Every structure is written in structure tokens, then in C-alpha cells.
Amino acid sequence: QVQLVDSGGGSVQTGGSLRLSCAASGITASNYCMAWFRQVPGKEREVVASIRTHRSSTNYGDSVKGRFTISRDDVQNALYLHMNSLTPEDTAMYYCAAYGPAPGSGVCSAFDSMYNYWGQGTQVTVSS
């Protein structure tokens, strides 16, 4: 049984930092595209960042470029999102997601419909 468990969310002030974690079980993460999405009530879910392999092929949403960093540890079957310079606009529920097999080249999809495994979500709240 595949399971993704998100953690690390919380409440911070503008300019603060958080690190989100996602623990994967039931899959060999190295074979999968993995990504972070976020959603605000009443709005569509948007991709934050995706990563195809341990060392390459990352892709970021325009609103987080230069502030967020996605990384993965395929030995630990884990995914991370380091978030810096947070603003109230980053307030959302954050979800990790995975689909496989990962493509042999290029970047992972930014479309949530491609991802068939999802974490339960972790809330990030940024106050001004």
C-alpha cells in the first residue's frame, strides 16, 4: 500500500522559513516524479515544485522561484521543501504527490492530474 505522509507545516511570520517533509512508503521513490502542490480554499491546486531525480530536473512555480527549494532523499524515500522569505500569499495547504515511472529526461509534470499518489496535506500559515 502506497502512503505519503506530509509534515512540517505551521504558523510563521512574514519573512520566516519552514521545511516541509514527505515520507513515502510502498514505492521506490527513485522511480517516481515527486512534487509539492498547494491549495487555498476556493482556488485551484497549483504546483509549487517538482523533482525528477535526486540531483537534477527540478521545476518551480513562478511565485516561489528563488525562495523555495525542493529536494529528495531516495535512500530515505523522502521529499522536502525548504521555504524561505515566506509571505502571506504562501498561506495554503501543502501536499506532496508522486507518479511513476519518472520520465528518462526532462522535468516532471506540473499537472496535478498526472499524480496518482497524494499526502494528506500540511497547513502553512504566514502572518503579516
Side-chain angles (χ1 to χ4, degrees):
Q1 181 180 359
V2 178
Q3 189 173 23
L4 302 180
V5 179
D6 310 320
S7 63
S11 298
V12 296
Q13 293 188 325
T14 297
S17 300
L18 283 173
R19 187 185 82 156
L20 305 184
S21 299
C22 174
S25 59
I27 60 172
T28 302
S30 59
N31 296 334
Y32 284 73
C33 275
M34 300 193 78
W36 289 97
F37 287 81
R38 67 186 182 185
Q39 189 169 26
V40 175
K43 293 188 177 181
E44 291 188 355
R45 189 160 46 191
E46 64 170 344
V47 65
V48 176
S50 65
I51 184 167
R52 180 169 64 85
T53 65
H54 174 59
R55 295 183 181 275
S56 65
S57 300
T58 57
N59 198 30
Y60 293 90
D62 289 342
S63 62
V64 306
K65 285 179 181 177
R67 300 188 298 122
F68 291 11
T69 302
I70 189 172
S71 62
R72 60 191 294 166
D73 182 338
D74 289 339
V75 174
Q76 298 294 326
N77 253 17
L79 179 72
Y80 304 101
L81 185 68
H82 298 258
M83 305 186 294
N84 297 318
S85 303
L86 286 162
T87 73
E89 288 67 38
D90 296 314
T91 295
M93 185 71 78
Y94 285 70
Y95 300 89
C96 73
Y99 76 91
S105 61
V107 297
C108 294
S109 175
F111 295 101
D112 59 358
S113 58
M114 284 293 296
Y115 292 80
N116 48 2
Y117 299 114
W118 291 85
Q120 82 285 0
T122 185
Q123 177 68 36
V124 172
T125 302
V126 185
S127 58
S128 58

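All values reported here derive from a predicted model rather than from experimental measurement. Heavy atoms only: backbone and side chains are in, while hydrogens, waters and symmetry mates are out.
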Using 0.5 Å steps for rounding, measure from the [atom1] atom of [X] to the [atom2] atom of [Y].
| X | Y | atom1 | atom2 | answer |
| --- | --- | --- | --- | --- |
| S71 | I51 | OG | CD1 | 6.5 Å |
| F111 | F37 | CZ | CZ | 9.5 Å |
| L79 | S50 | CG | OG | 10.0 Å |

Do any side-chain atoms of residues 121-128 form donor-acceptor pairs under 3.5 angstrom with protein atoms, and if so which ones, sequence neighbours left out?
| unit_1 | atom_1 | unit_2 | atom_2 | d |
| --- | --- | --- | --- | --- |
| T122 | OG1 | G9 | N | 3.0 |
| Q123 | NE2 | A92 | O | 3.4 |
| Q123 | NE2 | T125 | OG1 | 3.4 |
| S127 | OG | V12 | O | 3.4 |

Identify, with sequence neighbours excluded, every residue that meets ring-ring contact (aromatic ring centres under 6.0 Å, His included) alongside Y117.
-> none
Taking the side chain as every heavy atom from C-beta outward, state whether T14 and P88 have any atom pair closer than 4.5 Å.
->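 The answer is yes, as the side chains (C-beta and beyond) meet within the 4.5 Å cut-off.
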Can you tell if the side chain of F68 reaches within under 4.5 Å of the side chain of L18, non-hydrogen atoms only?
-> no
Would you name the heavy atoms of [X] and [Y] that are closest together and state the gap between them?
| X | Y | result |
| --- | --- | --- |
| N84 | S17 | OD1-OG, 2.9 Å |
| S57 | R52 | OG-NH2, 2.8 Å |
| L4 | C22 | CB-SG, 4.0 Å |

Among all residues two or more places apart in sequence or in another chain, which pass the side-chain contact (heavy atoms from CB on, under 4.5 Å) test with [X]?
| X | result |
| --- | --- |
| S7 | S21 |
| T69 | Y60, H82 |
| V5 | Q3, Q120 |

When the side chains of residues 23-36 are checked against the rest of the protein, which donor-acceptor pairs come out under 3.5 Å, sequence neighbours left out?
| unit_1 | atom_1 | unit_2 | atom_2 | d |
| --- | --- | --- | --- | --- |
| W36 | NE1 | Y80 | O | 3.2 |

Can you get from [X] to [Y] by hopping between Ile, Leu, Val, Met, Phe, Trp and Tyr side chains that sit under 4.5 Å apart?
| X | Y | answer |
| --- | --- | --- |
| L81 | Y95 | no |
| V47 | W118 | yes |
| I70 | V64 | yes |

Does R19 have any salt bridge (Lys or Arg N to Asp or Glu O under 4.0 Å) partners at least two apart in sequence or in another chain, and if so, which?
->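 R19: no salt bridge (Lys or Arg N to Asp or Glu O under 4.0 Å) contacts found.
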Sequence neighbours left out, what pairs pass salt bridge (charged side-chain N to carboxylate O under 4.0 Å, His left out) with at least one residue falling in [range]?
| range | result |
| --- | --- |
| residues 26-39 | R38-E46, R38-D90 |
| residues 97-122 | R45-D112 |
| residues 24-33 | none |

Go through the structure and list residues passing side chain to side chain donor-acceptor pair (under 3.5 Å) with Q76, not counting sequence neighbours.
-> none
Applying side chain to side chain donor-acceptor pair (under 3.5 Å), name anything that partners K65, two or more places apart in sequence or on another chain.
-> D62
Using atom types as modelled and distance alone, determine if a side-chain donor or acceptor of Y99 lies under 3.5 Å from a backbone N or O of S109.
->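 Checking the backbone N and O of S109 against the side chain of Y99, a donor-acceptor pair under 3.5 Å is found.
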